[in-house]
Amino acid sequence: MSQAEPILRTPGVIARELNVPIHRVLNVLATREHIKPVARAGTLRLYDLAAIAHIRHELNAIDARRSTGRRRLADG
């Protein structure tokens, strides 16, 4: 019985798929200890689909906080 190979992505590929600059993905990976690579290939860190979902969530949360802060500044 063969198992499907996991789908793993590098931070650069994740940035391209999420359509964000790579520095945003790298910042999330550096500051969120719960998002860890599932494998390494030499010096490359590889992330699975669950990690990509966490990264997307964190980026959306950052954007939401930024837009809320801007609205407060404009209103106040």
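Computation of the quantities below employed the complete heavy-atom set of this structure, encompassing side-chain atoms and omitting hydrogens, waters and symmetry-equivalent molecules.
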Requested in this report: Name all pairs fulfilling the ring-ring contact (aromatic ring centres under 6.0 Å, His included) condition that reach into residues 10-31, sequence neighbours left out, sorted by first residue then second.
Outcome: none
Query - salt bridge (charged side-chain N to carboxylate O under 4.0 Å, His left out) against D48, all qualifying residues, sequence neighbours excluded - result: none
Report task. May I have all residue pairs that pass ring-ring contact (aromatic ring centres under 6.0 Å, His included) and include part of residues 31-50, sequence neighbours excluded? Result -> H34-H54
Query raised in the report: Do I7 and I52 pass the side-chain contact (heavy atoms from CB on, under 4.5 Å) test, and can you show the C-alpha distance, the side-chain angles, and the key distance before you say yes or no?
Result: CA-CA 11 Å; I7 298 172; I52 295 169; over 6 Å; no
**Report entry** side-chain hydrogen bond (donor to acceptor under 3.5 Å, both in side chains): pairs with one or both residues in residues 9-19, sequence neighbours excluded
**Finding:** R9-E17
Requested in this report: Mind checking side chain to side chain donor-acceptor pair (under 3.5 Å) for R24 and listing every partner two or more places apart, or none if nothing turns up?
Outcome: D63
Less than 3.5 Å apart, which donor and acceptor atoms pair up between the side chains of residues 37-46 and the rest of the protein, not counting sequence neighbours?
none

Query raised in the report: Linking I/L/V/M/F/W/Y whenever any side-chain heavy atoms sit under 4.5 Å apart, do V20 and I55 land together?
Result: yes
Query raised in the report: For I22 and A15, which heavy atoms make the closest approach, and how far apart are they?
Result: CA-CB, 3.7 Å
Query - Side chain to side chain, I35 and E58, heavy atoms closer than 4.5 Å - result: yes
Report task. Side-chain contact test, heavy atoms from C-beta onward, threshold under 4.5 Å: evaluate it for I62 versus V28 and give yes or no. Result -> yes
